[in-house]
Every structure is written in C-alpha cells, then in structure tokens.
Asks: 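Once you've had a glance at the structure underneath, I'll fire off some questions.
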2 protein chains.
Amino acid sequence: MNFDNTAPIYIQIMNLIKKDIILGRMQLGEKLLSTREYAQNLKVNPNTMARVFNELEREGVTFTKRGVGTFITESEEKVERLKKEMAEDIVRNFIEGMLELGFNFNDMIELIKHRLEKEAVQ
Amino acid sequence: MNFDNTAPIYIQIMNLIKKDIILGRMQLGEKLLSTREYAQNLKVNPNTMARVFNELEREGVTFTKRGVGTFITESEEKVERLKKEMAEDIVRNFIEGMLELGFNFNDMIELIKHRLEKEAVQ
DNA sequence: ACTAGTGTACCATATAGATAGTGCACTAGT
DNA sequence: ACTAGTGCACTATCTATATGGTACACTAGT
C-alpha cells in the first residue's frame with residue numbers, strides 16, 4: 001500500500017475496508033483477516049491495525065467475537081447508511097471548496113466533465 | 001478561527017490566505033499582516049505563522065522583504081495558476097472518491113444538485 | 001543614532017500518530 | 001488437555017504539529 005500523509009494511516013485503512021464492504025467485495029457477516037494478517041499485507045504495525053478494528057467496531061461497521069476474529073456487520077441498513085455518509089462527506093467537501101474558490105454550479109459540472117473526459121483518454 | 005483536526009493548522013491558514021488572494025480580497029503586491037499580528041488575530045502561535053509564511057514563499061505565493069514584511073506575489077499568472085491548482089485538487093479528490101464508491105457522472109451531478117438545493121433552503 | 005517593527009532562528013515542552021515488541025485471556029479444532 | 005490463532009493491553013521510542021518563549025539581524029522612519 002501507498003499511504004499519503006494527508007491523513008493518519010489508520011483512517012486510510014478504515015476507508016479501504018469500508019469501500020470493500022460498500023462495493024460488495026466483502027459480504028455481510030464475513031470474517032475479516034486478522035490484525036496480524038492485515039498488518040503483514042499492508043506493511044503496517046499490528047498496533048495500527050488494532051486501532052483500525054477498534055474504530056470500525058466503534059462505528060458499528062464490524063463486530064468482534066473474542067478469540068475468534070472480527071466480522072463485517074450483518075445489517076444491510078448499516079452498510080447503506082455508511083455509503084450515504086461517505087458520499088455526503090465527499091460531496092460536502094467538494095461543494096464547500098468550490099464555492100470558497102468562487103465557482104458556481106455550472107462551473108462545477110464543467111470541471112467534472114472535463115476531468116472525466118481527460119481520465120477516459122488516459 | 002475554528003480549525004479542524006483533519007489537517008495541520010498551518011496548512012489551513014495557508015489555504016485561508018490563498019483564498020483571500022484568489023478571490024481578490026487581497027491585491028497583488030499588497031503587504032500581508034505581520035506574523036505577530038496574524039498570530040494574535042487567529043489565536044495561534046507566532047511560530048506557526050512563521051511556518052505559514054515560509055511555505056507560502058516556498059510555493060511562490062508570497063515574497064519577503066527582510067525587515068519589512070511579506071507581500072503577495074505581483075504575478076497575475078501565478079494567482080491564476082494557484083486557483084487552477086486548488087480547483088483541480090478539489091475536483092480530483094471528489095471524482096476519485098465518488099468513483100471508488102461506485103457512483104457515475106450522473107450520480108455526481110444529482111448529488112451536487114441535491115446538496116446545493118438543501119443549502120439554499122437553509 | 002535611535003527605535004519600533006519585521007522575518008527568522010533558536011530552545012523547550014506537549015500531544016497525536018506510528019512503530020516495535022511482549023504478553024495474556026479467550027476460542028475453536030484437534 | 002493441548003495448540004494455534006484471535007483480539008487486546010501494555011511499555012517504549014520516534015516523528016510531526018503546535019505551543020511558549022527568547023533573541024538577533026535587518027529595515028524604515030524619526
């Protein structure tokens with residue numbers, strides 16, 4: 001993994017796992033890799049992964065069976081809410097930033113369209 | 001000022017000043033407040049403001065006259081480039097985030113429209 | 001010459017994040 | 001009963017931020 005320095009690594013890993021859940025790459029109730037396996041795969045410290053699991057459980061995204069492992073929530077509704085929250089965060093950040101720079105709705109659409117076309121070419 | 005904890009304070013202050021320049025709230029070549037004045041106004045440490053000035057100069061946004069003060073760049077072209085870069089950063093973050101969550105162009109437009117309408121009401 | 005104001009360079013401290021390592025209680029499978 | 005694997009708790013160290021404080025060279029205006 002290549003982490004950037006704009007956010008703590010444990011936050012970035014949390015978002016990775018959340019996206020896996022939202023996009024259906026992990027099923028409801030499925031067991032996650034262990035902290036030690038994740039730590040090895042992502043080349044981070046086991047303590048960092050422990051923090052990730054702690055926070056994910058605190059947010060209700062996962063639940064823990066002591067001595068067994070950590071599992072994705074079984075609530076479809078929670079996953080839906082998670083996706084909605086993540087999308088709203090991104091949208092809000094985008095709109096606030098663009099308004100502060102003096103762009104209006106049409107400017108936003110044009111910039112997005114332009115950017116998507118450029119990506120499609122590459 | 002109310003700073004959030006998602007980014008270092010000195011970064012947030014840099015963005016404040018950049019926006020002042022981009023939106024024309026500060027003129028080209030205009031003298032900035034001193035580090036001590038900024039520190040008092042924003043209730044941060046003078047050392048933090050010193051770092052802000054250092055980074056802004058490193059990015060070419062400002063220039064320094066030793067013993068006199070720090071001034072906005074006089075290059076209209078640099079300001080234009082700055083605005084473009086900041087906008088592109090925001091747009092790229094938005095698009096990457098939304099694509100990773102499984103949204104397409106039309107979804108993005110709809111979410112932005114919806115969010116703007118909700119803000120207009122409030 | 002003097003003074004006030006400027007950026008700048010230090011030193012020290014505190015906190016959050018990340019790393020490294022050890023150990024323990026619990027669980028499932030044998 | 002035993003063992004491997006699990007989450008979890010602990011201690012320690014390191015770095016980046018942020019704060020608090022002091023001091024110095026430079027500049028403009030008097």
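Letters go in sequence order (proteins before strands), and every chain restarts at 1. Computed from a prediction, not measured in an experiment: that's the story for all the values here.
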Asks: Using only side-chain N and O atoms of B:R51, determine if any of them is under 4.0 Å from OP1 or OP2 of D:dT17.
Replies: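 Yes, because at least one side-chain N or O of B:R51 sits under 4.0 Å from OP1 or OP2 of D:dT17.
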Asks: Who are the salt bridge (charged side-chain N to carboxylate O under 4.0 Å, His left out) partners of A:E30, not counting sequence neighbours?
Replies: none
Asks: Using Watson-Crick and G-U wobble pairs with both distances under 3.5 Å, what is the 5'-to-3' dot-bracket string of DNA chain D, with [ ] for crossing pairs and | for pairs outside the strand?
Replies: ||||||||||||||||||||||||||||||
Asks: Below the 4.0 Å mark, does C:dA18 have OP1 or OP2 next to a side-chain nitrogen or oxygen of A:T48?
Replies: no
Asks: Reckon A:Y10 has a side-chain N or O less than 4.0 Å from the OP1 or OP2 of C:dA18?
Replies: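 Indeed not, no polar side-chain atom of A:Y10 lies that close.
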Asks: Rounded to whole Å, please give me the gap between OH in B:Y38 and P in D:dA18.
Replies: 17 Å
Asks: Could I get the full list of salt bridge (charged side-chain N to carboxylate O under 4.0 Å, His left out) partners for B:R36, not counting sequence neighbours?
Replies: none
Asks: Determine, step by step, whether A:T35 and A:F53 satisfy the side-chain contact (heavy atoms from CB on, under 4.5 Å) criterion, reporting the C-alpha distance in whole Å, the side-chain angles of both residues, the deciding distance to 0.1 Å, and the verdict.
Replies: CA-CA 8 Å; A:T35 53; A:F53 277 23; 3.6 Å; yes
Asks: Send over the distance from B:N5 CG to D:dA16 P, rounded to a whole Å.
Replies: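 From B:N5 CG to D:dA16 P: 20 Å.
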Asks: Considering only nitrogen or oxygen atoms on both sides, find all protein atoms under 3.5 Å from nucleotides 1-6 of chain C and state each distance.
Replies:
| from | atom 1 | to | atom 2 | distance (Å) |
| --- | --- | --- | --- | --- |
| C:dG5 | N2 | B:G67 | O | 2.9 |
| C:dT6 | OP2 | B:S34 | OG | 3.4 |

Asks: Rounded to the nearest Å, what distance is computed from the CG atom of residue A:L42 to the P atom of nucleotide C:dT19?
Replies: 11 Å
Asks: What is the distance from CZ of B:F3 to P of D:dA18, rounded to the nearest Å?
Replies: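 Answer to the nearest Å: 9 Å.
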Asks: Where each residue is assigned the nucleotide of DNA chain C containing its nearest heavy atom, which of B:A50 and A:V44 is assigned the position nearer the 5′ end?
Replies: B:A50
Asks: Kindly write out the residues that satisfy side-chain hydrogen bond (donor to acceptor under 3.5 Å, both in side chains) with A:N93, not counting sequence neighbours, or none if the list is empty.
Replies: none
Asks: In this structure, how many angstroms lie between the P atom of D:dG20 and the CD atom of B:Q40, rounded?
Replies: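 Nearest whole value for this atom pair: 13 Å.
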Asks: Would you please name every residue forming a side-chain hydrogen bond (donor to acceptor under 3.5 Å, both in side chains) with A:E76, sequence neighbours left out?
Replies: none
Asks: With sequence neighbours excluded, what pairs up with B:E37 under the salt bridge (charged side-chain N to carboxylate O under 4.0 Å, His left out) test?
Replies: none
Asks: Please state how far atom CE in A:M49 lies from atom P in C:dG21, giving the value in whole angstrom units.
Replies: 18 Å
Asks: Does anything in residues 101-111 of chain B form a side chain to side chain donor-acceptor pair (under 3.5 Å)? List the pairs, not counting sequence neighbours.
Replies: none
Asks: Looking at CD1 of B:I90 and CD of B:E85, how far apart are the two atoms once the value is rounded to the nearest 0.5 Å?
Replies: 12.0 Å
Asks: Atom CZ of B:F63 and atom P of C:dT8: how far apart are they, to the nearest Å?
Replies: 13 Å
Asks: Which residues pass the salt bridge (charged side-chain N to carboxylate O under 4.0 Å, His left out) test with A:K83, not counting sequence neighbours?
Replies: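 Not a single residue meets the salt bridge (charged side-chain N to carboxylate O under 4.0 Å, His left out) criterion with A:K83.
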Asks: Output a table of nitrogen or oxygen pairs between the protein and nucleotides 10-15 of chain C separated by less than 3.5 Å.
Replies:
| from | atom 1 | to | atom 2 | distance (Å) |
| --- | --- | --- | --- | --- |
| C:dC10 | N4 | B:N47 | OD1 | 3.4 |

Asks: If you look only at pairs with a residue in residues 57-72 of chain B, which of them pass as a side chain to side chain donor-acceptor pair (under 3.5 Å), with sequence neighbours excluded?
Replies: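 Only B:K18-B:E59, B:E55-B:R58, B:E57-B:T64 qualify under side chain to side chain donor-acceptor pair (under 3.5 Å).
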Asks: Please report the distance, rounded to the nearest Å, between CG in B:N45 and P in C:dG7.
Replies: 14 Å
Asks: Decide side-chain contact (heavy atoms from CB on, under 4.5 Å) for A:Y38 and A:I17; before the verdict, give the C-alpha distance in whole Å, the side-chain angles of both, and the deciding distance to 0.1 Å.
Replies: CA-CA 11 Å; A:Y38 262 120; A:I17 295 177; 4.1 Å; yes
Asks: Can you name the residues that form a side-chain hydrogen bond (donor to acceptor under 3.5 Å, both in side chains) with B:N45, not counting sequence neighbours?
Replies: B:N47
